[in-house]
**Student:** 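Dumping the structure here so I can ask a few things about it.
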Amino acid sequence: MKVFVTGGTGAIGRFVVPELVRAGHDVAALARSDEKAAQLAEQGARAVRASLFDEAALKEAFTGHDAVCNLATAIPAVTKSASVKNWADNDRIRREGSTTVVNAALAAGVGRVVQESITFMYPDRGDQWIDESVPLEASGLGESITIAEANAARFTKEGSTGVVLRFALFYGTGSGHTEQFLSAARRHIGPVAGPGGAYQSSIHLEDAATAVVAALRVPAGVYNATDDEPLTKKAYARALGAALGKRPWLHFPGRLVRLGGHKSDFMSRSQRVSNASLEAASEWNPKYPSAREGWEAIVNA
């Protein structure tokens, strides 16, 4: 299959592009610099120079491809994520970028679009499992997510196949916030946003990449991409500490994150998200069933 990737040099794209190549796909991806183009070439993909917001250029780039994976994001660092202004670039990418991608894909005759989304906009459901039938409660920071997902639905309505992957919290080698978590854990600080008994769904970046590959063969719709066993936030912090041999003495920011009001309330929600739909539709299974195995692998590597 000929697959075009936007965001192919980003946090998840760095894992997705080589995974697509290993799966036998012919891969092209956007690159904004010579360095990024060289990175893609080393991974076996073709680099294309174009703006995510240039519909004509994207149409030309997409022509002849079977699928487009829109993974473009600009997620701010964890330490800056409570401020709305730091999400401006990401919001534009999801609002305008997803619209442009779908318009260009339709014009180019692409058969499938895979749109990246997140699980953080689900409501707080305590210890209840959350599947895709649960309506989102998008805060001010998450409104652009609903637009991106609506564009994927519009693609399906036009007769093609739109797939939304709602990813849980990413972690993996080379990720900025992963390094921040590890740095804190080495100082016996466990990352906990909200009550320690609330659930934190997560997904290793390697598993996120294989989920994208799996999304190339599932029916149109919305799918959660998360690990098999979401941990409580305190258990998540302990799993990270255990991987380093550093028991957490302090959990931070804890309930203080709620001081951010509606801007950061999604960070403290309890979200025990199920991946059953994606597993059933594609036979995809995460390599790391929970953060325990995932963090141990990262530290050992």
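These numbers come from a predicted model, not from an experiment. As a basis for the values below, the full set of heavy atoms in this structure was taken, side chains included, without hydrogen atoms, waters or symmetry mates.
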**Student:** Looking only at side-chain N and O atoms, does Thr6 offer a donor or acceptor that is under 3.5 Å from a partner on Asn70?
**Tutor:**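 Their side chains do contain a donor-acceptor pair, which is all the 3.5 Å distance test asks for.
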
**Student:** Using a strict cut-off of less than 4.0 Å between a Lys/Arg side-chain nitrogen and an Asp/Glu carboxylate oxygen, indicate whether Asp34 and Arg49 qualify as a salt bridge.
**Tutor:** yes

**Student:** When you compare the side chains of Glu149 and Ser117, does any donor N or O come within less than 3.5 Å of an acceptor on the partner?
**Tutor:** yes

**Student:** Within a radius of less than 6.0 Å around NZ of Lys157, do more than 12 heavy atoms belonging to other residues, nucleotides or ligands occur?
**Tutor:**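 No.
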
**Student:** Where is the tightest heavy-atom contact between Asp66 and Met1, given as atom of each residue plus distance?
**Tutor:** CB-CG, 3.4 Å

**Student:** Once rounded to the nearest 0.5 Å, what's the spacing between atom CD of Glu206 and atom OG1 of Thr173?
**Tutor:** 7.0 Å

**Student:** Can you find a pair of side-chain heavy atoms, one from Gln200 and one from Thr232, that are under 4.5 Å apart?
**Tutor:** no

**Student:** Applying the side-chain contact (heavy atoms from CB on, under 4.5 Å) criterion to Val110, which one of Val68, Thr63, Val101, Thr161 satisfies it?
**Tutor:** Val68

**Student:** What are the two closest heavy atoms between Glu132 and Ser277, and how far apart are they?
**Tutor:**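 In terms of heavy atoms, the two residues are closest at OE1-OG, 3.0 Å.
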
**Student:** Do side-chain atoms of His188 reach the backbone of Arg247 as a donor and acceptor pair under 3.5 angstrom?
**Tutor:**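 Pair found, side chain donor or acceptor close to backbone of Arg247.
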
**Student:** Are Thr100 and Glu55 linked by a side-chain donor-acceptor pair shorter than 3.5 Å?
**Tutor:** no

**Student:** In terms of side-chain geometry, is the basic nitrogen of Arg94 or Glu116 positioned less than 4.0 Å from the acidic oxygen of its partner?
**Tutor:**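 Yes, charged N to carboxylate O under 4.0 Å.
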
**Student:** Below 4.5 Å, heavy atoms only, C-beta onward: do Ile147 and Glu143 meet side chain to side chain?
**Tutor:**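 No; the side chains remain at least 4.5 Å from each other.
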
**Student:** Rounded at 0.5 Å granularity, tell me how far OG in Ser201 sits from CD in Glu229.
**Tutor:** 11.0 Å

**Student:** Whether the Asp227 and Ser290 side chains hold a donor-acceptor pair (N or O, under 3.5 Å, no angle test) is what I'd like checked.
**Tutor:**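 Absent: no donor and acceptor within the cut-off.
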
**Student:** On a heavy-atom basis, which atom in Leu52 and which in Ala72 lie closest, and how many Å separate them?
**Tutor:**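 For Leu52 versus Ala72, the nearest heavy atoms are CD2-CB, 3.8 Å.
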
**Student:** Going through the distances and angles, do Val113 and Ser160 end up as a side-chain contact (heavy atoms from CB on, under 4.5 Å)?
**Tutor:** CA-CA 8 Å; Val113 165; Ser160 299; over 6 Å; no

**Student:** Taking Ile203 as the starting point, is it possible to reach Phe15 by hopping between hydrophobic residues whose side chains are less than 4.5 Å apart?
**Tutor:**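 Phe15 and Ile203: one cluster.
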
**Student:** Can I get a per-line list of side-chain donor-acceptor pairs under 3.5 Å for residues 19-31, giving both atom names and the distance, sequence neighbours left out?
**Tutor:**
from  : atom 1 : to    : atom 2 : distance (Å)
Glu19 : OE1    : Arg22 : NH2    : 2.8
Asp26 : OD1    : Arg46 : NH2    : 2.9

**Student:** Kindly work out whether a path of hydrophobic side-chain contacts (I/L/V/M/F/W/Y, heavy atoms less than 4.5 Å apart) joins Ile93 to Phe155.
**Tutor:** yes

**Student:** Should Leu71 and Ile145 be regarded as members of a common hydrophobic cluster, given that ILVMFWY residues are connected when their side-chain heavy atoms come within less than 4.5 Å of each other, either directly or indirectly?
**Tutor:** no

**Student:** Determine, using the 4.5 Å side-chain heavy-atom cutoff (strictly less than), whether Val102 and Val48 are members of one ILVMFWY cluster.
**Tutor:**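 Yes, Val102 connects to Val48 through the hydrophobic network.
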
**Student:** Looking at side-chain heavy atoms only, is the closest gap between Ser202 and Tyr236 below 4.5 Å?
**Tutor:**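 In short, these two side chains touch, coming nearer than 4.5 Å.
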
**Student:** Side-chain contact test, heavy atoms from C-beta onward, threshold under 4.5 Å: evaluate it for Leu182 versus Val299 and give yes or no.
**Tutor:**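 A side-chain contact exists here, since the closest heavy-atom pair is under 4.5 Å.
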
**Student:** Mind listing the closest non-hydrogen atom pair of Ser144 and Arg95 along with its distance?
**Tutor:**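 Nearest heavy atoms, Ser144 then Arg95: CB-CG, 3.6 Å.
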
**Student:** Start with the C-alpha distance between Arg112 and Leu216, add both sets of side-chain angles, then the distance that settles side-chain contact (heavy atoms from CB on, under 4.5 Å), and finish with yes or no.
**Tutor:** CA-CA 8 Å; Arg112 177 178 295 258; Leu216 295 177; 4.3 Å; yes

**Student:** With side-chain contact (heavy atoms from CB on, under 4.5 Å) as the criterion, how do Leu106 and Arg154 come out once you've worked through the C-alpha distance, each side chain's angles and the decisive distance to 0.1 Å?
**Tutor:** CA-CA 10 Å; Leu106 287 170; Arg154 175 168 62 91; 4.0 Å; yes

**Student:** I'd like to know whether Thr178 forms a side-chain contact (heavy atoms from CB on, under 4.5 Å) with Trp295, so could you lay out the CA-CA distance, the side-chain angles of the two residues, the decisive distance to 0.1 Å, and finally the verdict.
**Tutor:** CA-CA 10 Å; Thr178 295; Trp295 280 114; 3.6 Å; yes

**Student:** Does some side-chain heavy atom of Pro289 sit less than 4.5 Å from a side-chain heavy atom of Glu293?
**Tutor:**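 Side chain of Glu293 against side chain of Pro289, heavy atoms only: contact under 4.5 Å found.
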
**Student:** Please round to the nearest 0.5 Å and tell me the distance separating atom CG of Asp228 and atom CG of Asn275.
**Tutor:** 5.0 Å

**Student:** Would you check if there is a donor-acceptor pair between the side chains of Ser183 and Gln180 at a distance under 3.5 Å?
**Tutor:** no

**Student:** Do Val164 and Val218 sit in one hydrophobic cluster, given that two such residues count as connected whenever their side-chain heavy atoms are within less than 4.5 Å of each other, even indirectly?
**Tutor:** no

**Student:** Is there a side-chain contact between Lys234 and Pro248 (heavy atoms, below 4.5 Å)?
**Tutor:** no

**Student:** Look up atom CD1 in Ile118 and atom CG in Asn90, then write down how far apart they are to the nearest 0.5 Å.
**Tutor:** 8.0 Å

**Student:** Check the pair Tyr171 / His177 against ring pair (Phe, Tyr, Trp, His ring centres under 6.0 Å), numbers first and verdict last.
**Tutor:** CA-CA 7 Å; Tyr171 67 103; His177 79 263; 8.2 Å; no

**Student:** Any chance you could measure Phe167, atom CZ, to Phe120, atom CZ, to the nearest 0.5 Å?
**Tutor:** 11.0 Å

**Student:** Which pair of non-hydrogen atoms, one from Ala185 and one from Leu240, has the smallest distance, and what is that distance?
**Tutor:** CB-CG, 3.7 Å

**Student:** Of all residues at least two apart in sequence or in a different chain, which pass the ring pair (Phe, Tyr, Trp, His ring centres under 6.0 Å) check with Phe62?
**Tutor:** Phe4

**Student:** Taking the side chain as every heavy atom from C-beta outward, state whether Leu231 and Tyr199 have any pair of such atoms under 4.5 Å apart.
**Tutor:** no

**Student:** Validate the cation-pi geometry between Arg92 and Phe53: distance from NZ or CZ to the six-membered ring centre under 6.0 Å, angle to the ring axis within 45°.
**Tutor:**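 Judged by the rule, Arg92 and Phe53 form a cation-pi pair.
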
**Student:** Is it true that Tyr122 and Arg166 share a donor-acceptor pair across their side chains at a distance under 3.5 Å?
**Tutor:**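 The criterion, which ignores hydrogens and geometry beyond distance, is satisfied for Tyr122 and Arg166.
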
**Student:** If you take all heavy atoms of Ala152 and Gln115, which pair is closest and at what distance?
**Tutor:** CB-CB, 4.1 Å

**Student:** What I want to check is whether the side chains of Asn224 and Thr226 have a donor and an acceptor closer together than 3.5 Å.
**Tutor:**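 Thr226 and Asn224 do not have a side-chain donor-acceptor pair below 3.5 Å.
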
**Student:** Can you tell me how far OG of Ser282 sits from CZ of Arg217, rounded to the nearest 0.5 angstrom?
**Tutor:** 5.5 Å

